[in-house]
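Only one structure is covered here, and it is reproduced in the block below.
FYI, side chains are in, hydrogens and waters are out, and symmetry mates aren't considered; it's all heavy atoms of this structure. Just so it is clear: chains get the letters A, B, ... in the order the sequence lines come, proteins before strands, and each one is counted from 1. It should be emphasised that the depicted structure is a prediction, and the values quoted were computed from it without experimental measurement.
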Amino acid sequence: MRLSRYFLPVLKQTPSEAQIPSHRLMLRAGMLRQEAAGIYAWLPLGHRVLKKIEQIVREEMDRAGAIELLMPTLQLADLWRESGRYDDYGKEMLRITDRHERELLFGPTNEEMITEIFRAYVHSYKDLPKNLYHIQWKFRDEQRPRFGVMRGREFLMKDAYSFDLDEAGGRRSYNQMFVAYLRTFARMGLTAIPMKAETGPIGGDLSHEFIVLAETGESAVFCDKRVLDLPIPGAGVDYDGDLTPIIKQWTTLYAATEDVHDAARYESEVSEDNRMTARGIEVGQVFFFGDKYSKPMKANVTGPDGVDRPVQMGSYGVGVSRLAGAIIEACHDDDGIIWPEAVAPFGVGIVNLRPGDAEVDAACAKAYDVLTAAGKEPLLDDTDERPGGKFATMDLIGLPWQLIIGPRGLKDGVVELKRRATGERRTLSLDDALTTIAG
RNA sequence: CGGAGUGUGGCUCAGUCUGGUAGAGCACCGCGUUCGGGACGCGGGGGUCGCAGGUUCGAAUCCUGCCACUCCGACCA
């Protein structure tokens, strides 16, 4: 992409409403525009990041055997009356009436709808297990939206729903999602730690929140720091095999958010050397809830014994739009964002320091073509802005590499290659620079 | 939902107390000088001062009502 043809409205000054780094930087880097409290337009740069995050989530869900579909944003109130949640949900639910006076709502989640879909088609244990997911916009009319996309009212979420004949099957499905989440967040360059979460009325131990560590996180977390060294399951992990050793490994060491923190247990289980207090952001949650919805909504399946029973369900959420903010919270410095490679909107920024200079233009064109062919998605700054402004913009939008090409260097046959994450700069030939980036 | 604030050009803000017919910096347009870490000069465009009433000869400024947004707390992916 050539910057001269792109739409990247960067801000020199920080809009006064933005308090935390991710919100500030998303506005300044031209990723986001607020349209109403907690409602945002995703500008081109932000949209690219959102799509990258979404795609990683999708790939890991598919790998774990989940099946994608797409449910609507609007739902009938009657569906929610079946589960009893229409009245329970309160003002956070955005209620809408259509021209026929039918009561609708903008979905805050989809348990009811997926249960309705499932019960319409699936009646036999032979069709189990199933795991269906979608990535769709949700709306929760928060009393107090804040922190940009970290707590918006409209948000993009991946939610998966598992269906099993019995609790043992449900636990297997839960474990699959647990492992998929470990991989998903690690691929985005995040350290996400599963922590025991409150399970509500169902009880049991089958709910975990995945917490990304970031200095500006919303809640305090306490954990055994050895959890940071645990291995992430590889791409070849066998989701049909026994996943319990992995789950055990990741759930044995103490890790809890302040809500469920047990100071006495923490101090008895974790040696002083290994104690770590940090702050974190919840980016995902896995939850097994059995027949909470299938029972009132009569989503029954017939078992091998010929007996009908409510299907056993779990749900698994990932805050896709929130992750964009969480990643920035975890990855930024005073100059701007520092994107992990996997979610960077562009792989490399090529800075043309003297557009119009034939030699510089030619070198930039070559770099652009080579890097494009290598799948590095370069962003070429071919604008007339002054060098200082170009450097500041590149640091702000945080692309992993900056390839700086100007007449002064070219005279000596060299360009400058800067690594955004470390600030390290190298002076080398254009070919060597391209090899370094593409390799 | 309690408490506290703020709405003035695209952004950051001054002007409001003490009413007199709208400003600065940045951004934008033109010309020129510049050009390797957010340059400078000259000229220029752009604002129903959140909305609606009211007081007044006159309202960004005073009064009333409404709306939007932000912050602290409670609540939540």
Sort me out a list of protein N/O and nucleotides 31-33 of chain B N/O pairs below 3.5 Å, or just none if empty.
none

Q | Rounded distance in Å between the P positions of B/G10 and B/C29 | A | 15 Å

**Q.** C1'-based separation of B/C49 from B/G23 [nearest Å]
**A.** 12 Å

Q. Do we get A/Arg419 above A/Trp401's six-membered ring, with its NZ or CZ under 6.0 Å from the centre and within 45° of the axis?
A. yes

Q.
My understanding is that only residues two or more places apart in sequence, or in another chain, count here; which of them pass ring pair (Phe, Tyr, Trp, His ring centres under 6.0 Å) with A/Trp339?
A. none

Q: Quick one: look up who B/G2 pairs with, Watson-Crick or G-U, both distances under 3.5 Å, and put none if it's unpaired.
A: B/C72

Q.
Going by salt bridge (charged side-chain N to carboxylate O under 4.0 Å, His left out), name the residues that satisfy it together with A/Glu167, two or more places apart in sequence or in a different chain.
A. none

Q.
I'd like to check the ring pair (Phe, Tyr, Trp, His ring centres under 6.0 Å) partners of A/Phe139; sequence neighbours left out, ordered by chain and number.
A. A/Phe106

Q. On a whole-Å scale, what distance lies between the C1' atoms belonging to B/U34 and B/C51?
A. 47 Å

Q: Find the partner of B/A22: check Watson-Crick (N1-N3 plus N6-O4 or O6-N4) and G-U wobble (N1-O2, O6-N3) distances, both under 3.5 Å, and reply none if neither fits.
A: none

Q) Expressed as a whole number of Å, how far does the P atom of B/A39 sit from that of B/G3? A) 48 Å

Q: Can you tell me, in whole Å, how much space there is between the C1' of B/U12 and that of B/G38?
A: 16 Å

Q: Determine the contact category for A/Thr14: base if any of its heavy atoms lies under 4.0 Å from a base atom, sugar-phosphate if only primed atoms, P, OP1 or OP2 are that close, otherwise nothing.
A: sugar-phosphate

Q. Using a heavy-atom distance cut-off of less than 4.0 Å, which residues of residues 44-64 of chain A contact RNA chain B?
A. none

**Q.** Distance between C1' atoms of B/C35 and B/U16 (Å, rounded)
**A.** 44 Å

Q: Sugar-phosphate means primed atoms, P, OP1 and OP2; the rest is base. With that split, encode nucleotides 36-41 of chain B 5' to 3' as B, S or - using protein heavy atoms under 4.0 Å.
A: BBBB--

Q: Look at the side chain of A/Arg48 and the backbone N and O of A/Pro345, then say whether any donor-acceptor pair between them is shorter than 3.5 Å.
A: yes

Q. With sequence neighbours left out, what residues match A/His261 under side chain to side chain donor-acceptor pair (under 3.5 Å)?
A. A/Tyr254

Q. Is any side-chain N of the basic residue among A/Arg279 and A/Glu329 closer than 4.0 Å to the acidic one's carboxylate O?
A. no

Q) Paired with B/G43: which nucleotide, if any, by Watson-Crick or G-U wobble criteria at under 3.5 Å for both distances? A) B/C29

Q) Just by protein heavy atoms under 4.0 Å, how would nucleotides 67-77 of chain B read 5' to 3' in B, S and -? A) --SSBBBBBBB

Q) Who passes ring pair (Phe, Tyr, Trp, His ring centres under 6.0 Å) against A/Phe163, sequence neighbours left out? A) A/Phe118

Q: List in chain and number order the residues that pass ring pair (Phe, Tyr, Trp, His ring centres under 6.0 Å) with A/Phe346, two or more places apart in sequence or in another chain; answer none if no residue qualifies.
A: A/Tyr6

Q | Cationic N near anionic O, under 4.0 Å, A/Glu218 to A/Arg146 | A | no

Q: Using a strict cut-off of less than 4.0 Å between a Lys/Arg side-chain nitrogen and an Asp/Glu carboxylate oxygen, indicate whether A/Arg425 and A/Glu416 qualify as a salt bridge.
A: yes

Q | B/G7 versus B/G50 - spacing of their C1' atoms, nearest Å | A | 6 Å

Q | Inter- and intrachain pairs under salt bridge (charged side-chain N to carboxylate O under 4.0 Å, His left out), touching residues 173-190 of chain A, at least two apart | A | A/Glu59-A/Arg187, A/Glu60-A/Arg183, A/Glu60-A/Arg187

(Q) Counting only Watson-Crick pairs (N1-N3 plus N6-O4 or O6-N4) and G-U wobbles (N1-O2, O6-N3), all under 3.5 Å, who is the partner of B/U55? (A) none

Q: Among residues two or more places apart or on two chains, list those pairs meeting side-chain hydrogen bond (donor to acceptor under 3.5 Å, both in side chains) that have a residue in residues 25-38 of chain A.
A: A/Gln34-A/Tyr40

Q) What distance, rounded to whole Å, do you find between the two C1' atoms, one in B/A14 and one in B/U6? A) 15 Å

**Q.** Cationic N near anionic O, under 4.0 Å, A/Glu103 to A/Arg95
**A.** no

